[in-house]
Amino acid sequence: MLSRPDEQGKFGKFGGKFAPEVLMTALEELEEAFNRFWLSEEKSFKQELGRLLRTYAGRPTPLYFAKNLSEMCGGASSANGSGTNGSGTNCGVKSGGVKIYLKREDLVHGGAHKLNNTLGQCLLAKKMGKRRVIAETGAGQHGVATAMAAAVLGLECEVFMGTEDIVRQRPNVFRMHLLGAKVSPVDSGSRTLKDAINESMRDWVTNVEDTYYLIGSVVGPHPYPLIVREFQRVIGRETKEQILRAEGRLPNLVVACVGGGSNALGTFYEFLEDKEVENKEGNEAGKEVELVGVEAAGKGLETGEHGASLCAGTEGVLHGMYSKLLQDEDGQIKQSYSFAPGLDYPGVGPELAYLVDSGRVKMRAATDEETLRAFEVLSTKEGIIPALESAHAIHYAVEEAKRRAKKAEKVEKVAKEQKQEREENLIVVCLSGRGDKDIFSVEEVLGGEGL
Amino acid sequence: MNLEEKFGALKRKGEKALVGFVTAGYPSAEATTKIALAMLKGGVDILELGLPFSDPIADGVTIQQASERSLRAGMNPDLYFEVAAGIKKVEKVCLTYYNLVLQRGLEKFVSDCEAAGIKGVVVPDLPVEEARPLLKVCDRYDETDLIFLVAPTTTEKRLAKILEAASGFVYVVSLLGVTGARETISSSVSPLIRRIREQERVGGREVPLAVGFGISKPEQVRKVCGSGAADAETDANADGAIVGSAFIKIIEQGLARGSEGAGDEEKMLREIEEFAGSLKRETLVA
């Protein structure tokens with residue numbers, strides 16, 4: 001597995017630097033600075049960032065065992081099973097049952113994993129002597145996280161946001177204002193994340209000398225996909241330590257939602273080379289830890305109204321990178337759709353495209369409707385309101401847990417004396433953000449019903 | 001005539017090149033043909049025809065809106081090459097973004113260009129590092145050059161790489177920013193032109209230099225093309241000037257005048273011709 005892109009900034013055939021000439025020198029300078037401060041042996045940058053992550057962002061975030069959710073999945077399977085213990089509720093997680101753990105990135109200051117990256121990049125911007133940072137935002141979470149990091153590190157901040165998203169994510173617009181950032185509405189194209197990125201690049205082209213463009217996901221021209229992945233790796237690093245401590249072994253399955261792919265790549269990266277039976281004795285080679293990304297199927301993949309670049313896209317160049325895109329046959333970029341603005345993007349990070357292409361990461365998609373059910377389930381079962389983006393991952397994890405519980409039950413009957421752990425399925429979901437920002441749009445969808 | 005020959009022929013006449021840009025299909029494919037003819041009548045030497053892309057990151061709001069409208073009106077690559085082929089007796093250059101070239105297939109794109117009489121392709125999101133595949137194809141087609149851009153931020157090292165690959169002309173980006181009219185000509189143009197000329201001397205190969213981005217007025221064309229007789233400090237002595245958004249603005253104003261009646265269109269075409277003429281006069285340096 002490539003841990004670093006090649007000299008051209010490519011992961012296999014994906015990635016690269018398809019940027020206007022004006023920016024090429026800035027990208028080279030950024031790469032140099034990143035190498036100097038992050039990839040080299042130099043300790044002080046990492047120490048400073050580590051301190052901010054601990055004392056400001058609230059890391060490490062907990063890995064939470066979602067007992068109620070796990071029981072619900074196991075319970076469903078037993079009810080559908082032979083029917084012998086159909087009334088067996090509140091029986092705890094049965095042997096052969098499935099355990100779902102949530103990596104609580106929703107507890108990071110600001111309410112999403114985004115701050116991991118913005119603190120890292122704002123610190124880098126400072127070291128590079130820039131006085132101003134700009135950022136694009138879809139859901140508003142990256143905008144808020146940039147505004148926070150800029151405030152705490154004393155940088156001027158301007159956030160570009162599509163007018164469509166400004167309507168959908170009002171609370172975050174207000175938060176950015178409170179944090180001292182300027183929010184610039186983008187009224188071109190589809191008026192969402194894609195267009196906010198276009199406008200940020202245009203601003204950067206104009207102000208490249210004193211401005212740092214702080215990209216919020218593992219997208220864009222090299223070295224951004226690498227930089228953002230490196231700053232998000234902390235999610236997977238902690239998760240691995242925590243699951244080993246809690247369960248004494250690695251998970252069978254790790255799930256994360258994918259828009260641009262930053263929380264997914266940050267979570268998956270540490271597990272890329274791992275086998276699930278590592279740290280266990282007496283087992284044969286074992287399987288790799290399954291890594292599954294969940295994209296937005298929107299109104300359904302077959303309707304064309306979705307944000308699933310990896311599940312349903314084709315290869316092309318957008319926003320400085322060669323990756324998988326939603327486009328027509330001429331190469332015009334299609335409008336993506338999802339009710340989760342953070343997943344409403346017609347492209348995806350090149351490294352993730354590479355990992356999916358090579359078969360290491362599998363992709364699934366969840367519709368708005370399925371996601372909404374998962375949103376409600378997690379809220380009522382665990383008292384956690386997830387971001388609509390993260391609820392996509394929850395949906396898949398729940399479905400998969402139910403399926404695995406059913407399968408485990410069958411296996412149990414066949415070979416009762418098999419070791420419990422072998423049948424037990426450990427699932428970790430990256431809960432990338434909290435859903436406070438979404439309550440108004442969910443209310444609108446539900447039309448005053450439900451919840 | 002290929003592009004370098006065209007610049008050479010103009011030079012022998014004591015002229016610099018006026019490169020005029022317009023978005024194909026704005027507001028319609030038929031209109032583009034008429035607009036192009038008006039530009040040529042007015043004195044445009046090289047016609048740069050934009051093939052619109054949904055996400056034009058190097059363009060300011062004027063060309064963005066023209067691109068959006070053109071796409072809505074049904075412009076696509078097939079139609080584009082048809083329109084381009086219909087505009088004759090002028091050297092044409094295609095400006096577009098890399099994804100459109102990639103999806104058509106590099107080979108097909110370049111051969112379509114050649115068949116339509118397009119002498120050069122400008123791709124603002126294709127820096128020299130990524131240009132190898134397209135450059136290889138262009139090399140096999142004698143009549144079509146890949147045009148590279150150079151910006152004020154381009155380092156000496158990058159400049160050397162670009163000039164090594166350059167043919168047709170070099171598109172000199174006058175400022176840090178996107179396309180669109182500006183009040184004054186950026187002070188970075190003159191030093192940038194001098195820098196490129198110096199490198200060209202070292203490399204032993206001279207490719208014409210045309211300056212674009214932000215140029216919208218006759219006096220700006222004069223400063224870009226001027227040889228320094230009047231003002232050595234600001235005159236850049238480039239081989240040509242590229243004007244785009246200013247033409248789009250005239251079309252936009254024509255459309256805004258309301259009913260897309262024939263009278264309005266005629267007036268708009270007359271304005272385009274006159275404007276092109278006013279720009280062309282400033283390139284007659286002899």
Side-chain angles (χ1 to χ4, degrees), chain A residues 7-10 13 15-29 186-191 194-211 220-222 314-323 325-335 346-347, chain B residues 51-61 64-65 67-68 71 75-80 96-105 109 123-132 148-159 161-162 170-180 213-214:
Chain A
E7 242 174 61
Q8 281 197 298
K10 294 214 166 101
K13 62 183 164 182
K17 273 192 210 178
F18 296 86
E21 179 59 29
V22 172
L23 297 181
M24 293 304 285
T25 300
L27 290 170
E28 283 169 13
E29 283 167 5
V186 178
D187 203 28
S188 59
S190 59
R191 296 163 184 85
K194 156 178 99 75
D195 311 281
I197 296 179
N198 291 341
E199 208 50 41
S200 304
M201 290 188 118
R202 292 181 187 120
D203 182 288
W204 198 31
V205 164
T206 309
N207 300 298
V208 63
E209 281 167 332
D210 68 350
T211 295
H222 177 70
T314 51
E315 292 170 20
V317 167
L318 176 68
H319 294 150
M321 60 182 174
Y322 184 88
S323 190
L325 313 174
L326 301 178
Q327 58 184 329
D328 68 16
E329 44 189 50
D330 290 337
Q332 306 293 355
I333 305 306
K334 281 193 202 163
Q335 207 164 312
Chain B
L51 167 57
F53 178 49
S54 53
D55 294 81
I57 51 169
D59 285 303
V61 70
Q64 276 175 53
Q65 286 174 354
S67 298
E68 274 190 40
L71 289 171
M75 183 43 69
N76 62 54
D78 286 341
L79 183 55
Y80 173 87
T96 195
Y97 287 80
Y98 193 47
N99 200 41
L100 297 189
V101 182
L102 207 54
Q103 299 310 323
R104 196 167 182 84
F109 195 94
V123 190
D125 60 345
L126 189 70
V128 67
E129 286 84 345
E130 303 286 356
R132 196 64 48 202
F148 285 93
L149 295 95
V150 168
T153 48
T154 304
T155 56
E156 295 303 315
K157 206 173 140 205
R158 292 188 53 76
L159 187 55
K161 261 196 265 182
I162 292 168
V170 172
Y171 194 126
V172 181
V173 177
S174 76
L175 43 75
L176 303 182
V178 291
T179 59
F213 281 50

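Chain letters run A, B, ... following the sequence lines, proteins first and then strands; every chain starts at 1.
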Measuring from atom [atom1] of [X] to atom [atom2] of [Y], what distance do you get when rounded to the nearest 0.5 angstrom?
X        : Y        : atom1 : atom2 : answer
B/Leu176 : A/Asn207 : CG    : CG    : 8.5 Å
B/Phe53  : A/Leu318 : CZ    : CG    : 5.5 Å
A/Phe18  : B/Asn99  : CZ    : CG    : 9.5 Å
A/Trp204 : B/Ile57  : CH2   : CD1   : 10.5 Å
A/Glu28  : B/Lys157 : CD    : NZ    : 6.5 Å
A/Glu21  : B/Phe148 : CD    : CZ    : 9.5 Å

Heavy-atom distances under 4.5 Å only: say whether [X] touches chain A with side chain, backbone, both or neither.
X        : result
B/Asp59  : backbone
B/Pro56  : both
B/Val178 : both
B/Pro124 : backbone
B/Tyr98  : side chain
B/Glu129 : both
B/Arg104 : neither
B/Val123 : neither

Just give me the residue among [options] that pairs up with chain A most often, heavy atom to heavy atom, under 4.5 Å.
options                               : result
B/Val173, B/Leu100, B/Ile162          : B/Leu100
B/Leu71, B/Leu102, B/Asp125, B/Val101 : B/Asp125
B/Val61, B/Thr154, B/Leu175           : B/Thr154
B/Ala151, B/Gly177, B/Ala131          : B/Gly177

Can you see which heavy atom on A/Gln332 is nearest to which on B/Pro52, and at what distance?
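Smallest interatomic distance, heavy atoms only, reads NE2-O, 3.0 Å.
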Which atom of A/Ala19 lies closest to which atom of B/Pro127, heavy atoms considered:
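Here A/Ala19 and B/Pro127 meet closest at O-CD, 3.5 Å.
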More than 12 heavy atoms of other residues, nucleotides or ligands under 6.0 Å from CD of B/Glu156: is that the case?
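Enclosed: over 12 neighbouring heavy atoms sit under 6.0 Å from CD of B/Glu156.
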Please look at A/Asp203 and chain B and tell me whether the side chain, the backbone, both or neither of the residue comes under 4.5 angstrom of a heavy atom of that chain.
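Neither part.
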For B/Thr155 and A/Thr25, what are the C-alpha separation, side-chain angles and deciding distance, and is it a side-chain contact (heavy atoms from CB on, under 4.5 Å)?
CA-CA 7 Å; B/Thr155 56; A/Thr25 300; 3.7 Å; yes
Less than 4.0 Å between a side-chain N and a carboxylate O, is that true for A/Lys10 and B/Glu130?
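Salt bridge: yes.
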Can you tell me which of A/Glu199, A/Gln8, A/Lys17 forms the most heavy-atom pairs within a distance under 4.5 Å of chain B?
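Among the listed options, the one with the most contacts to chain B is A/Lys17.
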Choice from A/Lys194, A/Met201, A/His319 maximising heavy atom contacts with chain B below 4.5 Å:
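Option with the greatest count: A/Lys194.
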Are B/Leu149 and A/Val22 packed together at the side-chain level, in the sense that at least one heavy-atom pair is separated by less than 4.5 angstrom?
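Answer no - side chains too far apart.
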Side chains of A/Gln327 and B/Gln103: is there a donor and an acceptor less than 3.5 Å apart?
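Yes - a donor-acceptor pair under 3.5 Å links their side chains.
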May I have the step-by-step check of side-chain hydrogen bond (donor to acceptor under 3.5 Å, both in side chains) for A/Asp330 and B/Asn76, ending in yes or no?
CA-CA 7 Å; A/Asp330 290 337; B/Asn76 62 54; 5.0 Å; no
